[in-house]
Amino acid sequence: MAEYNFREIEKRWQKSWADSTIFSAEEDPSKPKFYALDMFPYPSGAGLHVGHPLGYIASDIVSRYKRINGYNVLHPMGFDAFGLPAEQYAIQTGQHPAITTKENIQRYKEQLRNIGFSYDWSREVQTCDPAYYKWTQWIFMQLFNSYYDKDENKAIGINQLIQRLEKTGNKDVNAVCDENTPKISAKDWNAFSQPQKLDILNHYRLTYPAEAMVNWCPEMGTVLANDEVKDGFSERGGFPVERKLMKQWMMRITAYADRLLENLDSLDWSTSMKEMQGNWIGRSNGCELDFKVADQNLKLTAFTTRPDTIYGVTFVVLAPEHELVATLTTAEQKAEVEAYVQYATNRSERERMAEKNVSGVFTGSFVVNPFSGEKIPLWIADYVLAGYGTGVVMAVPSSDDRDFKFAKHFNLAIKCVIEGTENLENPTEIKKGIMINSDMLNGLESDQATLKAIDFAAKNNFGIPKINYRMRDAVFSRQRYWGEPVPVYYKEGIPYLIDEADLPLELPEIDEYKPTSEGEPPLARAQNWKYKGVYEYETTTMPGWAGSSWYFLRYMDANNEKLAVDPKKANYWGSVDLYIGGTEHATGHLLYSRFWNMFLYDIGVVNHEEPFKKLVNQGMIQGRSSIVYRDKKTNKFISAGLIDKYETVAMHVDVSMVKDDYLNLESFKNWRPDLAGAEFELEDGKYKCGYEVEKMSKRLYNVVNPDDIVESYGADTLRLYEMFLGPLEQSKPWDTNGIDGVFRFLKKVWNLFHDNDGNLNLSDEKPTPEEYKILHKTIKKTADDIDRLSFNTSVSGFMICVNELSALKCNKREILESLLIILSPFAPHISEELWQLSGKSDSILHATFPEFNDKYLVESSFEYPIMVNGKLRAKITFNIDESADNIKKEVLANPQIEKWLEGKDVKKFIVVPKRIINVVV
RNA sequence: GCCAAAGUGGCGGAAUUGGUAGACGCGCACGACUCAAACUCGUGUUCCGCAAGGAGUGUGGGUUCGAUUCCCACCUUUGGUACCA
């Protein structure tokens with residue numbers, strides 16, 4: 001009577017779980033904790049497609065597995081709800097982004113519920129909720145009130161800095177600050193006006209206002225962070241981005257550069273992920289060297305990582321934006337230099353990148369090599385960046401590719417300083433070796449020469465060791481509406497934090513979501529929006545990454561109205577034990593989160609320095625588009641196998657009209673009016689489509705919605721199939737074609753419990769050794785596979801297990817109940833249903849993962865593959881403890897083997913116990 | 001250019017420590033059931049060959065009794081990054 005009715009079963013259990021508190025987590029010191037986290041989604045209008053749940057399913061399996069292994073599991077979900085698409089939509093339609101966002105979240109939650117995730121929804125967070133962003137603003141305030149002390153190597157309250165300034169000025173303060181921070185004495189400080197004092201403090205604060213060169217995207221009307229710009233275009237939308245000097249809030253992430261870099265070692269992340277962050281931070285060890293300007297009382301400081309090549313310096317190059325460009329240009333060169341600077345600074349980042357040609361201009365001035373005393377020309381070129389190092393490069397054309405190209409182009413001197421490069425067409429091919437033509441450094445190895453050069457420069461007061469970073473402080477302002485307001489107001493042009501008691505500072509209502517006619521951000525439109533009714537608020541909002549930089553902490557204590565997170569709870573849950581999400585967040589979210597978490601660690605909010613102990617990047621699920629081919633001459637559609645005979649045009653068709661690559665002709669004709677009269681050239685009476693693996697996108701008609709899969713196969717099938725598709729971390733195309741196999745598997749599971757008439761049929765008989773063996777083999781495999789997140793192989797393990805049990809017609813309760821428990825993290829609905837049908841009153845969620853027992857797998861004999869010279873020739877079964885001599889005797893006497901020996905001498909006889917036997921002749 | 005990861009049947013993929021390459025699933029072929037189709041079940045399915053046998057994990061070489069696995073060189077694909085001195 002009972003068929004596998006997944007629709008009814010899944011609805012029922014999903015409701016039952018939602019009505020209970022079965023997935024809510026409470027701190028419980030008696031149990032080990034496990035924190036499994038998904039990167040929370042941005043709720044877009046398009047809903048989830050089949051690629052999104054991949055990681056969620058994996059983390060859900062681990063969560064459920066850990067739960068039945070006695071762990072206290074925290075497995076929450078929420079929404080990264082501030083963002084551009086909702087705002088763009090608001091600009092077009094006038095609809096408040098909060099409304100669209102709310103609708104989209106509703107839709108997402110329903111889609112997620114359909115898949116049967118074990119989320120603790122009581123801890124849901126939404127970044128756009130004032131109850132949440134109150135604390136995002138609070139963290140901003142803590143950053144504003146802190147500076148980074150290098151001696152303590154941590155963030156410290158700004159009040160302590162003020163006390164030191166009052167007593168001794170800043171000469172002994174070893175802190176991270178702006179390059180241009182003035183040296184002040186206690187006397188200076190105490191004589192300063194309040195605005196002057198605040199200005200000094202801004203040079204130290206971990207979040208600070210600054211005039212900064214930013215990535216301005218005119219199309220979007222906002223600035224973007226470095227990680228939001230790709231090849232001169234915005235990552236979202238693909239609009240052109242230009243450089244612009246603007247007043248911005250900045251985050252002093254560079255203060256943490258070293259710790260962010262060094263801690264990478266301790267993290268269980270993929271090497272490529274660590275590599276990406278390492279490159280992004282880009283620490284380079286080197287030194288600064290001073291070059292005196294010839295005949296003037298001026299010096300230029302260059303940063304170099306290769307002071308060993310100092311004797312190979314044949315010119316020095318300034319960035320076009322360098323402040324001394326005008327001073328150092330001679331009268332004769334003035335016109336040429338001005339024209340070049342004009343040209344270089346007006347070009348956008350994008351143009352500069354597209355431009356591969358070498359460009360530059362001579363200043364007319366000369367500088368002096370501090371080591372050799374040689375006079376060398378000073379140039380200006382845009383391959384030198386104002387923002388990196390000092391904006392001055394000592395050019396060594398014999399060791400550096402760019403310097404080499406530049407010297408070649410302008411016919412400048414090239415001097416080789418490394419042995420073996422003298423006769424090379426391109427001396428930069430050899431980067432390190434024994435120094436030559438280098439006076440005091442001659443004969444030294446590059447690395448030793450580097451040390452000696454730095455030492456010499458330091459002793460003679462024209463150089464110091466220095467570490468530079470590629471990473472910049474992060475721009476924190478967005479000229480947009482749909483983000484967290486910055487909790488700052490202005491009094492006489494000076495920014496002040498609002499009172500903590502006035503948090504949250506809520507987004508005001510405005511008439512339109514566009515910038516004002518004066519180009520002010522949308523918040524400038526707000527009427528009567530003033531602090532204490534008097535002072536203007538900051539009108540930029542926080543960027544998308546603000547709310548996502550600490551949401552993993554809020555989950556630990558999501559409903560606390562008094563604190564961002566109770567340190568006691570944060571200490572209990574600690575770092576995330578498994579974080580699953582996309583690789584696209586390598587240099588954005590994952591870096592900013594580490595930064596904020598580290599800061600909160602410094603100020604004592606949490607007791608773990610790193611937020612994500614283990615990180616796994618799920619691969620992208622690509623679309624598998626279906627293609628039909630229209631004959632150019634007759635307008636007939638030609639089946640894929642026959643297109644060689646015609647000249648055809650390819651056309652994407654909706655994948656919902658295609659099954660197993662065969663096109664449903666009726667649906668196709670009904671798809672669009674112009675196709676109603678379509679004719680076809682068929683193969684074997686069917687139309688076979690071609691396919692293409694590409695991005696999943698509406699435009700390519702290849703989007704597959706999980707709701708549709710759940711409707712036709714059920715959530716358990718979807719979960720298993722997504723896992724079965726291949727390794728979690730690998731990108732792969734979604735191909736619905738294979739899903740029947742997984743569905744069949746679940747039906748076989750169902751059939752194990754039922755007789756041919758569909759009646760429940762379980763036996764209480766003692767299982768046979770063979771049945772135990774099948775079960776315990778699968779228990780071990782499942783546990784091992786989950787530990788290494790190899791879910792595709794555990795699914796095939798289940799299939800093997802069920803195939804073998806079916807062959808034995810096994811319906812032993814003892815075996816099948818254990819099977820249900822190990823299957824339950826993967827296919828929770830069917831497992832729960834069969835568990836209850838078999839007479840259990842308690843949920844399978846409260847069951848315990850069966851203990852693996854080795855004794856069922858012990859074999860008394862093994863069928864050895866016998867190889868002769870590495871080629872498989874026979875198989876013979878021996879007892880496990882058979883002596884090597886006996887094995888040898890029997891193998892050599894075997895007629896199958898004898899044939900291959902042909903009486904030749906046996907050189908070697910190798911027996912690898914329980915593996916293989918190899919005879920070498 | 002540089003850095004990282006990966007190349008295995010018609011397809012997705014397996015082989016966890018150097019030990020039977022192609023598990024499991026899809027697809028395909030044949031068969032059973034059926035009036036018929038679908039479902040389901042069974043058999044087969046890396047390639048060449050009737051077979052015996054041979055070849056085979058991107059290419060070429062090496063180490064080893066034995067290599068998808070280790071080493072060297074190269075090719076291709078994907079991702080990251082790009083004047084970072």
Taking any heavy-atom pair under 4.0 Å as a contact, classify [X]: base, sugar-phosphate, or nothing.
X        : value
A:Lys907 : nothing
A:Arg624 : nothing
A:Arg470 : base
A:Asp735 : nothing
A:Trp734 : nothing
A:Arg744 : sugar-phosphate
A:Asn803 : sugar-phosphate
A:Met273 : nothing
A:Val393 : base
A:Ser796 : base
A:Gln730 : sugar-phosphate
A:Pro733 : nothing
A:Lys466 : nothing
A:Ile910 : base

Nearest-angstrom distance, [atom1] atom, [N] to [M]:
N      : M      : atom1 : result
B:rU8  : B:rA15 : P     : 15 Å
B:rU69 : B:rG79 : P     : 26 Å
B:rG13 : B:rU20 : P     : 23 Å
B:rC75 : B:rG22 : P     : 32 Å

Find the distance [X]:[atom1] to [N]:[atom2] and express it as a whole number of Å.
X        : N      : atom1 : atom2 : value
A:Asp400 : B:rA82 : CG    : C1'   : 14 Å
A:Phe791 : B:rA14 : CZ    : P     : 14 Å
A:Lys732 : B:rG13 : NZ    : P     : 7 Å
A:Leu872 : B:rA15 : CG    : P     : 21 Å

Just name whichever nucleotide pairs with [N], Watson-Crick or G-U, keeping both distances under 3.5 Å, else none.
N      : result
B:rA37 : none
B:rA55 : B:rU46
B:rU81 : B:rG1

Query raised in the report: Which of these nucleotides, B:rC83, B:rC28, B:rA21, is closest to any side-chain atom of A:Tyr662?
Result: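 Shortest atom-to-atom distance from the side chain points to B:rC28.
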**Report entry** Given B:rU16, B:rA4, B:rU40, the nucleotide with the shortest approach to the side chain of A:Lys781
**Finding:**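 For A:Lys781, the side-chain atoms sit closest to B:rU16.
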Query raised in the report: Do A:Lys432 and A:Arg306 come within less than 4.5 Å of each other through their side chains, counting heavy atoms only?
Result: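 Answer yes - side chains close enough.
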**Report entry** Within 45° cone of A:Tyr4 ring axis and under 6.0 Å: A:Lys747 NZ or CZ
**Finding:**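 Not flagged: A:Lys747 not positioned over aromatic ring of A:Tyr4.
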Query raised in the report: Quick one: is the NZ or CZ of A:Arg624 closer than 6.0 Å to the six-membered ring centre of A:Trp734, and within 45° of its axis?
Result: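 The answer is no; the distance or angle limit is not met.
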**Report entry** Pair A:Phe462 and A:Phe371, ring centroids less than 6.0 Å apart
**Finding:**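 Yes, ring centres under 6.0 Å apart.
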**Report entry** Centroid-centroid under 6.0 Å between A:Phe878 and A:Phe862 rings
**Finding:**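 Ring-ring flag for A:Phe878/A:Phe862: false, centres at least 6.0 Å apart.
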Query raised in the report: Given A:Arg788 and A:Asp784, is the salt bridge (charged side-chain N to carboxylate O under 4.0 Å, His left out) satisfied, shown in steps?
Result: CA-CA 7 Å; A:Arg788 58 192 184 103; A:Asp784 289 353; over 6 Å; no
